[in-house]
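Each chain gets a letter, A, B and so on, in the order the sequences are listed, and its residues count up from 1. Just so it is clear, the model here is predicted, and its values are computed rather than measured.
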Amino acid sequence: MTVKTRFAPSPTGYLHIGGARTALYSWLYARKTGGSFALRIEDTDRERSIQASVDAILEGMEWLGLDYDEGPVFQTQRFDRYAEVIQQLMDEGHAYHCYCSREELEEMREQQRANKEKPRYDGRCRARTEPVEGVEPVIRFRNPLEGDVVIKDLVKGDIVINNRELDDLIIARSDGTPTYNLTVVVDDIDMGMTHVIRGDDHINNTPRQINIMKALGATVPAFAHVPMILGDDGKRLSKRHGAVGVMQYRDDGYLPEAVLNYLIRLGWSHGDQEIFSREEMLEFFELEDIHGAASAFNTEKLNWMNQQYFKSLPVEVIEGHLQWHLENQKLDISNGPALADVIEGQRERAKNLVDFVETSRYFFEDFDSYDAKAQKKQFKAGVDATLQATHDRLAALDDWNPESIQSAINATCEALELGMGKVGPPLRLAVAGTPMSPGLDVTLNLVGRERTLQRIEKAIAFIAETTA
RNA sequence: GUCCCCAUCGUCUAACGGUUAGGACAUCGCCCUUUCACGGCGGUAAUCGGGGUUCGAAUCCCCGUGGGGACACCA
């Protein structure tokens with residue numbers, strides 16, 4: 001049997017972190033088994049579905065590199081098929097018209113709540129044979145009254161629910177449009193899904209869906225219900241903390257490789273391993289290893305993960321991810337060292353891509369002010385002489401490379417009988433404008449001879465002026 | 001309220017019924033050091049509670065407690 005999975009979001013918002021993880025798990029399982037993966041947009045609620053959300057989902061999937069073999073399939077384009085199935089269920093006696101008004105239903109639920117019962121439709125239209133004048137009926141599925149439904153869940157184990165807990169759900173609204181539980185079932189059957197991997201907030205729907213599948217004579221797929229992701233504080237994700245779209249993570253400077261790795265480890269594990277290449281994810285991922293409990297999203301660990309990838313990913317890959325940020329933060333790199341070299345110099349200290357761009361400006365642009373605190377500490381009277389000596393040694397170099405630069409600085413220290421601690425920091429501030437940069441040899445080499453010397457001269461003048 | 005799911009350091013998690021309960025993030029201390037980082041070494045820190053079953057329980061069972069989810073002509 002060839003595995004087939006799908007990711008089926010409804011376009012009522014962006015692709016959030018929980019959805020992204022479900023998509024990742026579905027994608028991984030299909031890919032690792034040589035099966036296929038489909039993307040289906042559940043947009044039957046026309047009131048709430050919006051195009052912007054569809055775009056956001058597609059963009060998110062692409063950024064994460066989760067490609068699909070089928071789709072996007074839009075449910076709104078399959079209404080004819082749903083109508084056909086609904087008719088079939090009617091013809092076979094598995095469904096019936098219900099003429100109850102919303103008010104009537106609400107009253108019924110009120111009463112059940114008052115009796116400390118679970119609110120559910122009591123089946124009062126089950127036996128009705130005559131239509132009610134002037135009322136467009138909904139269509140309800142005739143759920144079995146007795147017996148258990150068993151969900152064979154790959155994550156949670158067997159879940160048994162008695163049919164008495166279920167009611168006759170609406171499968172078609174009074175305007176004839178199908179509802180979620182019907183469309184999911186029809187699509188999962190038609191698309192040949194073998195494994196339904198989704199959030200565990202769907203567990204309650206599963207027995208109803210299984211009953212419909214059985215009524216349709218279809219094979220019931222395997223299920224894997226993945227727990228929810230909680231916010232940093234352990235509470236349900238909300239807009240205020242973490243319930244942001246995955247594209248926000250791009251905007252904030254995260255690498256998709258890191259986000260994926262963070263997500264796969266959130267609720268899944270393979271021994272003590274933390275870092276997984278895409279190949280390793282495919283090799284080791286098993287639905288059975290998904291942890292059954294909800295897990296809290298931890299930004300600190302994501303930050304760490306992001307840095308791990310920043311340090312180890314091939315430069316070309318980082319360069320690719322950086323393009324958007326360079327544009328977004330308006331950094332023109334055409335006049336300066338090769339971006340790849342700056343990445344090599346900065347990758348161990350940049351917190352993320354946004355931080356990288358922000359802390360790498362001096363390689364490409366001149367600056368006209370110094371870090372205030374560092375200026376106060378380093379640019380004291382007399383330092384200009386030290387800088388001048390350094391300048392002269394550097395200016396005299398035949399070759400401009402990290403080795404020669406380092407030896408020039410070392411020679412300056414010896415000549416002035418000063419430690420590196422006296423010569424280095426002012427030099428760094430003069431050339432970078434900030435007290436933070438890669439090693440001086442690397443920094444000066446990348447900034448280049450002309451710029452380095454100019455900046456030192458400028459700093460000398462600046463010190464002379466401010467300490468006069 | 002009813003039904004369902006879940007429960008190991010602050011967080012993510014590991015542990016054929018037998019381990020000094022392991023790792024990672026964070027945190028604290030030390031080392032490295034021209035800055036910022038990286039890195040190295042070490043520390044603090046957990047089996048929700050109560051009953052069983054068993055020679056032996058984090059692990060199996062029951063009951064609590066806590067958290068989450070679901071109970072729509074939403075998905």
Between the base of B/G23 and the side chain of A/Glu274, is there a donor-acceptor distance below 3.5 Å? yes
Provide, to the nearest angstrom, the distance between the CD1 atom belonging to A/Ile159 and the P atom belonging to B/G68. 19 Å
Regarding A/Arg140 and the six-membered ring of A/Tyr121, is the cationic atom NZ or CZ under 6.0 Å from the ring centre and inside 45° of its axis? yes
Hey, which sits more toward the 5' end of RNA chain B by its nearest nucleotide, A/Asn115 or A/Asp201? A/Asn115
Can you tell me if A/Tyr180 and A/His202 form a side-chain donor-acceptor pair at under 3.5 Å? yes
In whole angstrom, give me the gap between the P atoms of B/C25 and B/G43. 15 Å
Does A/Arg109 have a side-chain nitrogen or oxygen under 4.0 Å from the phosphate oxygens OP1 or OP2 of B/A72? yes
Across all strands shown, which nucleotide pairs with B/A24 by Watson-Crick or G-U wobble geometry, both distances under 3.5 Å? B/U11
Could you identify the nucleotide paired to B/G66, looking across every strand shown and requiring Watson-Crick or G-U wobble geometry with both distances under 3.5 Å? B/C6
So, the side chain of A/Asn306 versus the backbone of A/Gly253: is there a donor-acceptor pair under 3.5 Å, distance only? yes
Distance check, P atoms only: B/U65 and B/G50, in whole angstrom units. 15 Å
Any strand counts, and the cut-off is 3.5 Å on both contacts for Watson-Crick or G-U wobble. Which nucleotide pairs with B/C41? B/G29
Report the base-pairing partner of B/G1 (Watson-Crick or G-U wobble, both distances below 3.5 angstrom), or none. B/C71
Suppose you measure atom P in B/U13 against the same atom in B/G66; what distance do you get, rounded to whole Å? 23 Å
Any N or O donor-acceptor pair under 3.5 Å from the base of B/C73 to the side chain of A/Thr179? no
Could you tell me the Watson-Crick or G-U partner of B/C60, where both distances fall under 3.5 Å? Say none if there is no partner. B/G52
With a 3.5 Å cut-off and heavy atoms only, can you find an N or O donor on one side and an acceptor on the other between the side chain of A/Asp200 and the base of B/G69? no
Salt bridge check, A/Arg120 against A/Asp168: does any charged N sit closer than 4.0 Å to a carboxylate O? no
To the nearest angstrom, the CG-P distance between A/Asn303 and B/A37 comes to 14 Å
